[in-house]
Amino acid sequence: ELDRVWVLGLSEGTFPSRARDDSLLPDRERRTVGTLRLRAERTGDEHRQFLAALAAVGPEGRVDVLRPRGDLRQADERAPSRWLIDLVEPRLGRRPPGAEVDSIDADWVTHVPSFAGGVTQTGFPATEQEYELRSLVDAAEASEPAAIDAHPLVASGPLRDGVAMQRARASAAFTRFDGNVSGSPTPDLTESARPTSATALETWARCPHQYFMRYLLGVDPVESPELRLRIDPLSWGTLVHAALERFVQEHVDDGAGEETLAGRGWSTEDRTRLIRIAEDEFAQAQRRGLTGEPLYWRRDRVLIMRDLEAFLRLDDERRRAGSLEAVATELGFGLRDTPPVPVELPSGRRLLLRGSIDLVDRGPTGNLVVVDYKTGKASKVTEAAPHVGGTKLQLVLYALAARHVFEQPAAPVASYYWHVRARHGFKMVGYEVTDTIEREVLSAVGLIASGIKDGVFPQHPEETTRQGWVSCAYCDPDGLGTADARRRLLRKASDPLLEDYLVLAAPELVPAAPLPTLEGPT
């Protein structure tokens with residue numbers, strides 16, 4: 001006989017736990033054997049354990065049952081356990097619905113709104129930690145910063161840095177807790193012998209915090225391929241790039257580029273060859289577990305194949321119209337044994353560039369056409385907005401790289417993103433790279449390099465995030481949304497250290513200048 005029993009977790013899904021079949025030895029196989037216990041019987045076992053715990057309490061003993069109403073890792077509320085309702089029913093004289101359990105007003109029910117609420121409301125703290133936390137909450141509610149700083153949990157205890165972080169993030173200053181690492185050594189891309197990429201520079205413009213985590217700290221999001229139902233967008237793009245690269249490169253290597261690609265166009269044999277290459281890439285992706293569940297993959301592979309066949313037809317039209325000859329695919333620079341491309345910035349400084357151009361064509365007058373395949377949504381780049389807040393630098397940087405590699409520094413270059421998917425209309429967006437556009441883009445590159453050197457790495461999350469979709473794992477690592485991070489950026493937008501970044505990447509967040517004071521009679 002026990003004097004006191006506590007039963008924890010009386011919420012559906014916890015106690016009883018969710019009934020899940022065994023993926024390696026499911027119940028249908030266990031029934032065939034006949035001597036193995038079924039997973040479905042686990043709920044019955046838990047119920048018997050629960051009843052045994054209640055029966056172990058002596059006549060003078062007491063049972064306390066506790067039910068969590070929620071989970072900090074999830075947004076939904078948890079339903080009370082069916083066994084908790086079994087205990088409530090005889091006391092009420094009826095069986096209440098689950099939603100009514102939390103509103104029962106009786107001396108045998110205690111409602112605790114949260115852990116913090118329990119600590120502040122308890123008549124006698126059970127531990128030293130609970131006592132200290134309650135005294136700290138009392139000091140905070142009295143709005144006494146000095147009392148908070150002098151509290152043993154803060155003065156030299158585990159909450160010191162946490163309190164400092166909360167205060168710093170609540171202020172209007174851009175602090176070290178917001179991504180200001182100006183006091184620490186950061187790379188100067190204009191003096192480094194190590195080349196950088198257009199993608200890395202675009203990452204800083206899109207979200208400096210992501211650049212800091214990914215490129216300076218080397219932190220990558222944890223992937224769960226076992227949870228993948230469909231091929232992800234990155235693998236989709238990789239498949240398309242690999243198939244097109246192999247296909248076009250064969251013609252470049254054969255020396256038939258001008259005759260085949262600028263003259264008669266793609267033949268029936270060419271189409272057959274592209275299909276075979278694609279099938280080979282599909283098989284490799286399947287072996288690596290990148291294509292998701294077979295049911296979805298059967299549909300997705302048909303869509304990819306249709307896009308590749310449509311590419312040939314549209315590429316025919318493009319080459320005939322411009323008499324274009326393919327001269328390079330996956331043109332690498334600064335990678336493996338290839339030298340990087342030096343890029344001169346308007347400030348007079350220089351950085352080294354690395355990358356790989358999907359396709360380079362040459363026209364009849366020696367002009368170059370740079371093409372970067374994209375499988376995502378259509379870019380918003382235009383001649384009026386050639387870099388879209390620093391997030392689209394490849395067109396100009398790859399144009400300069402093509403000139404450098406082919407030793408044609410004065411060659412006219414047109415540079416395009418080609419969105420090679422039917423759902424995006426096979427759009428080609430880009431422009432002729434003029435001196436004006438080149439200067440504007442290189443100015444953005446210089447500002448990005450300066451921001452990295454100055455240690456400016458704030459979070460810049462999207463304004464809204466869709467439920468169940470994480471657009472940036474660095475700004476939203478727990479999948480609970482980016483509203484707080486967005487509010488922090490707005491709160492600190494007036495800090496001078498953020499001015500250059502906001503002017504480049506988010507001019508709508510730049511605070512308006514104060515109106516001038518009128519002098520004299522009004």
**Report entry** Counterpart residues, salt bridge (charged side-chain N to carboxylate O under 4.0 Å, His left out), relative to Asp358 (two or more places apart)
**Finding:** none
**Report entry** Candidates Asp372, Val370, Thr329 - the one meeting side-chain contact (heavy atoms from CB on, under 4.5 Å) with Leu359
**Finding:** Thr329
Requested in this report: Kindly give the heavy-atom pair with the smallest separation between Ser11 and Pro68, and that separation in Å.
Outcome: OG-O, 2.6 Å
**Report entry** Contact check, side chains of His424 and Lys427, non-hydrogen atoms, under 4.5 Å
**Finding:** no
Query raised in the report: Asp220 and Arg214: side chain to side chain contact (heavy atoms under 4.5 Å, CB included), yes or no, with the steps?
Result: CA-CA 6 Å; Asp220 291 320; Arg214 181 177 176 184; 4.3 Å; yes
Query raised in the report: Roughly how far, to the nearest 0.5 Å, is CZ of Arg318 from CZ of Phe426?
Result: 13.0 Å
Query raised in the report: Quick one: salt bridge (charged side-chain N to carboxylate O under 4.0 Å, His left out) partners of Lys492, sequence neighbours excluded?
Result: Asp178
Query raised in the report: Of all residues at least two apart in sequence or in a different chain, which pass the salt bridge (charged side-chain N to carboxylate O under 4.0 Å, His left out) check with Glu438?
Result: Arg403
Query raised in the report: At what distance, to the nearest 0.5 angstrom, does CG of Leu308 lie from CG of Leu303?
Result: 11.0 Å
Query raised in the report: Relative to the ring of Phe311, is the ring of Trp418 parallel (under 30°), tilted (30 to 60°) or perpendicular (over 60°)?
Result: tilted
**Report entry** Test item: Pro342 and His404 side chains (from C-beta on) under 4.5 Å apart, heavy atoms
**Finding:** yes
**Report entry** Those residues that, when tested against Tyr215, pass ring-ring contact (aromatic ring centres under 6.0 Å, His included) (two or more places apart)
**Finding:** Tyr211
Query raised in the report: Is there side-chain contact between Ser135 and His151, with at least one heavy-atom pair below 4.5 Å?
Result: yes
**Report entry** Close side-chain approach of Tyr417 to Gln394, heavy-atom, < 4.5 Å
**Finding:** yes
Query raised in the report: Who pairs with Phe282 by ring-ring contact (aromatic ring centres under 6.0 Å, His included), at least two apart in sequence or on another chain?
Result: Trp297
Query - Taking every non-hydrogen atom, the tightest pair across Val510 and Val503 - result: CG2-N, 3.9 Å
Query raised in the report: Do Asn180 side-chain atoms and Phe174 backbone N/O form a donor-acceptor pair below 3.5 Å?
Result: yes
Report task. May I ask you to decide whether Asp484 forms a salt bridge with Arg169, counting only side-chain N to carboxylate O separations under 4.0 Å? Result -> no
Requested in this report: Identify the heavy atoms of Pro195 and Leu353 that sit nearest to each other, and give their distance.
Outcome: CB-C, 4.0 Å
Report task. Identify the heavy atoms of Pro125 and Tyr131 that sit nearest to each other, and give their distance. Result -> CB-N, 3.7 Å
Requested in this report: Return the set of residues passing salt bridge (charged side-chain N to carboxylate O under 4.0 Å, His left out) with Arg423 (not counting sequence neighbours), or none when no residue passes.
Outcome: none
Query raised in the report: Is there a donor-acceptor pair under 3.5 Å between the side chain of Thr127 and the backbone N or O of Glu130?
Result: yes
Query - Spatial distance of atom CG (Leu274) from atom CD (Glu250) [nearest 0.5 Å] - result: 10.0 Å
Query - Where Leu335 and Gly355 come nearest, the two heavy atoms and their spacing - result: CD1-O, 3.2 Å
Report task. Mind checking the CG-CG spacing from Leu189 to Leu352? Nearest 0.5 Å is all I need. Result -> 10.0 Å
Requested in this report: Sorted by first residue and then second, give each salt bridge (charged side-chain N to carboxylate O under 4.0 Å, His left out) pair with at least one member in residues 334-352; sequence neighbours left out.
Outcome: Asp188-Arg349, Glu191-Arg349
Report task. Indicate yes or no for a side-chain donor-acceptor contact from His419 to the backbone of Ser379 under 3.5 Å, with no hydrogens or angles considered. Result -> yes
Query raised in the report: Is there side-chain contact between Val137 and Val119, with heavy atoms separated by less than 4.5 Å?
Result: no
Query raised in the report: Going by heavy atoms in the side chains, are Val343 and Val445 under 4.5 Å from each other?
Result: no
**Report entry** Minimal non-hydrogen separation, Ala444 against Leu504, with atom names
**Finding:** CB-CD1, 3.9 Å
Requested in this report: Taking Asp307 for its side chain and Ala422 for its backbone only, find out whether a donor-acceptor pair lies under 3.5 Å.
Outcome: yes
Requested in this report: Give the intermediate values and the outcome of side chain to side chain contact (heavy atoms under 4.5 Å, CB included) for residues Leu395 and Val429.
Outcome: CA-CA 10 Å; Leu395 296 183; Val429 295; 6.0 Å; no
Query raised in the report: If you round to the nearest 0.5 Å, how far is CG of Asn367 from CG of Leu324?
Result: 7.0 Å
Requested in this report: Just do the side chain to side chain contact (heavy atoms under 4.5 Å, CB included) check on Glu383 and Ile437 with the steps written out, would you?
Outcome: CA-CA 7 Å; Glu383 292 185 7; Ile437 289 178; 4.2 Å; yes
Query raised in the report: What's the spacing between Leu234 CG and Leu239 CG if we round to 0.5 Å?
Result: 10.0 Å
Query raised in the report: Looking at Phe406, is Arg362 sitting on its ring face, NZ or CZ under 6.0 Å from the six-membered ring centre and within 45 degrees of the normal?
Result: yes
**Report entry** Residues that His209 engages under ring-ring contact (aromatic ring centres under 6.0 Å, His included), provided they are two or more places apart
**Finding:** none
Report task. I would like to know whether Val240 and Arg421 meet side chain to side chain contact (heavy atoms under 4.5 Å, CB included); could you show each step before the answer? Result -> CA-CA 10 Å; Val240 172; Arg421 289 189 67 178; over 6 Å; no
**Report entry** Validation row: Ile148, Arg167 side chains within 4.5 angstrom (heavy atoms)
**Finding:** yes
Query raised in the report: Looking only at atom types and distance, does a side-chain atom of Thr291 sit under 3.5 Å from a main-chain N or O of Ala285, one as donor and one as acceptor?
Result: no
Report task. Could you tell me whether the side chain of Thr482 and the main chain of Ala485 form a donor-acceptor pair under 3.5 Å? Result -> no
Report task. Examine distances only and state if a side-chain atom of Glu202 and a backbone atom of Leu393 form a donor-acceptor pair shorter than 3.5 Å. Result -> yes
Query - ring-ring contact (aromatic ring centres under 6.0 Å, His included) against Tyr501, all qualifying residues, sequence neighbours excluded - result: Trp204, His460
Query raised in the report: Side-chain contact, heavy-atom cut-off 4.5 Å: Val248 with Asp315?
Result: no
Query raised in the report: Any donor and acceptor pair, going by atom type alone, linking the side chain of Tyr431 with main-chain N or O of Pro386 inside 3.5 Å?
Result: yes
Query raised in the report: Do the side chain of Glu132 and the main chain of Leu153 share a donor and acceptor less than 3.5 angstrom apart?
Result: no
Report summary line: salt bridge (charged side-chain N to carboxylate O under 4.0 Å, His left out) pairs touching residues 498-508, sequence neighbours excluded, are none
Requested in this report: Output every pair passing side-chain hydrogen bond (donor to acceptor under 3.5 Å, both in side chains) with a member in residues 277-289, not counting sequence neighbours, ordered by first then second residue.
Outcome: Arg246-Asp280, Arg246-Glu281, Glu279-Arg301, Asp280-Gln284
Query raised in the report: Which pairs count as salt bridge (charged side-chain N to carboxylate O under 4.0 Å, His left out) when at least one residue sits in residues 441-461, sequence neighbours excluded?
Result: none
Report task. State whether the side chain of Arg78 and the backbone N or O of Arg67 hold a donor-acceptor pair below 3.5 Å, judged by distance alone. Result -> no
